[in-house]
Number of protein chains: 2
Amino acid sequence: MKIPDRTVERVILYRRRLRTLHAAGQVRIYSHELAGVEGVTPAQVRRDLMTIGYTGSPAKGYEVAGLIAKIDETLNPHQDEGVVLVGVGRLGKAFLAYFAGQANHLPVVAAFDVDPEKAGRLVHGCRCHGLDELETVLAERSVRVAFLTVPGDAAQEVADRLVRAGIRGLVNLAPIRLRVPPEVYVEYLDITVSLEKVAFFARRDARAAARSS
Amino acid sequence: MKIPDRTVERVILYRRRLRTLHAAGQVRIYSHELAGVEGVTPAQVRRDLMTIGYTGSPAKGYEVAGLIAKIDETLNPHQDEGVVLVGVGRLGKAFLAYFAGQANHLPVVAAFDVDPEKAGRLVHGCRCHGLDELETVLAERSVRVAFLTVPGDAAQEVADRLVRAGIRGLVNLAPIRLRVPPEVYVEYLDITVSLEKVAFFARRDARAAARSS
DNA sequence: AGATGTGAAATTCTTCACAGCG
DNA sequence: CGCTGTGAAGAATTTCACATCT
């Protein structure tokens, strides 16, 4: 059962929306409603839900709670999975603050920074370690995903260490492409690339189509 | 002459790499070299360069300087284009600091925040205004692109104002999909979505394939 | 009537493979 | 040769359109 990249992205968006609707008491939803708020087509929603194997009914649409549960079990079969963040600079701190503000099911369980000054401190509720403790801490907790917010010239080196320490997925904020083994998945959030891309499309055609990331 | 989204992303990456190489004195480059460092195939590189209309020579490859110039004229025909940032919270400040550190050809010419306390201040070299001045400042300078780093519950409202004030492209960091007219291009940098996506792909197949954003 | 589920078409994007040139 | 440029094939993704159900 293989789920394409794009579908995973959209399904995550659906879930976020569904949680809000569920909290607001909505019980059922039609594909065109979900499509409307998320900026995709109803056919796309139906195809996506078909891909993850969820079935609604023509009369009633999809059950909000059931769909959330289905997405959860499809996307997050593991419980209590944690992530780490490496690079407690301005950007890293901003993200720690952001994550601290929401009860995520992917909590940041530890942060690391080269600056030994930061070791031992709590940054927005997250324990900060020196980079030298990286392997030790990762060996204790089984963490598969890391958030990389170090400067560009340190990113490759840190990524290598993370991969050696067993990390299998990276969210890379540094403005470089990482060389990693094929079994490691990397998601690039490249701010300047995004900015330049938007600057390009802001003139000319300008389609409403919009990708998540 | 229409350039697909994905191609634009990659071409921006090529340019960044080419600038480094150019600064290091490299004069020519083959598709497979460029492909290697950016994690794409040589055929992809050639196709992309064909798309933007740049031609190399089988014997010598591509001229680094000439290719940079071609990309510049393709992607940034306008000179002195500036962007604004809205939302000078932790995340906004982090980005302002990041942008201040590099001589970009897309300088952040102004920042805005609801907090009137911040108005008038310089944040990492960028003038900060109250949100109420948004229309005035945008009317003075012709800015087409905005960086949106406000909390999710304010994002739609701010986006509406930005669009009304003439903004045609948005980089949205808030965790919601924006409703904008079709002529406005939005790029979403959704951190939690990225994280959850990586967490999903970190197990199972785990292809090396990696997208920029 | 108005939804879903889904083959099949359409579209978009990537890779192949090879002619041709220096 | 080894590389570029590119038609054509191949893959992946999205959309259409309609049978079907209530």
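Just so we're clear, the structure is a prediction, and the values are computed from it rather than from any experiment. Chain letters run A, B, ... following the sequence lines, proteins first, then strands; residues in each count from 1.
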Pro58(A) has its side chain closest, among dC16(C), dA3(C), dG5(C), to dA3(C)
Along DNA chain D (nearest heavy atom to each residue), the more 5'-positioned of Thr41(A) and Met50(B): Met50(B)
Atom CG of Leu67(A) and atom P of dT4(C): how far apart are they, to the nearest Å? 12 Å
What one should report as the nearest heavy-atom pair of Val186(A) and Asn172(A) is CG1-CB, 4.1 Å
dT12(C) P sits how many Å from Ile3(B) CD1, rounded? 16 Å
What integer distance in Å separates Leu49(B):CG from dG5(D):P? 8 Å
Carboxylate-amine/guanidinium proximity below 4.0 Å for Lys197(B) and Asp5(A): yes
Is the shortest distance from a Lys or Arg side-chain nitrogen in Lys93(A) or Asp113(A) to a carboxylate oxygen in the other one below 4.0 Å? no
Between dA12(D) (C1') and Asp5(A) (CG): distance, integer Å: 11 Å
When the distance from CD of Gln44(B) to P of dA11(D) is rounded to whole Å, what number comes out? 16 Å
I want to confirm an ordering. Mapping Thr55(A) and Ala59(A) to their closest nucleotides on DNA chain C, which one lands closer to the 5' end? Ala59(A)
Are the charged groups of Glu183(B) and Arg168(B) less than 4.0 angstrom apart, N to O? no
Rounded to whole Å, NE2 of His32(A) lies from C1' of dA3(C) at a distance of 8 Å
dC16(D), dA3(C), dC13(C): which one has an atom nearest the side-chain heavy atoms of Pro4(B)? dC13(C)
Should Ser57(B) be listed as having a side-chain N or O under 4.0 Å from OP1 or OP2 of dT4(D)? no
Is there a side-chain polar atom (N or O) of Arg46(B) under 4.0 Å from OP1 or OP2 of dT14(C)? no
Side-chain N,O (Tyr62(A)) to OP1/OP2 (dG5(C)) below 4.0 Å: yes
Does Glu157(B) have more than 12 heavy atoms from other residues, nucleotides or ligands lying within 6.0 Å of its CD? no
Side chain of Arg10(B) only, please: which of dC13(C), dT14(C), dT13(D) is the nearest? dT14(C)
Check the distance between dA12(D)'s C1' and Glu9(A)'s CD and give it to me in whole angstrom. 15 Å
Confirm from the modelled atom types if Arg47(A) and dT15(D) form a donor-acceptor pair under 3.5 Å, side chain to base only. yes
In this structure, how many angstroms lie between the P atom of dT4(C) and the CZ atom of Arg28(A), rounded? 13 Å
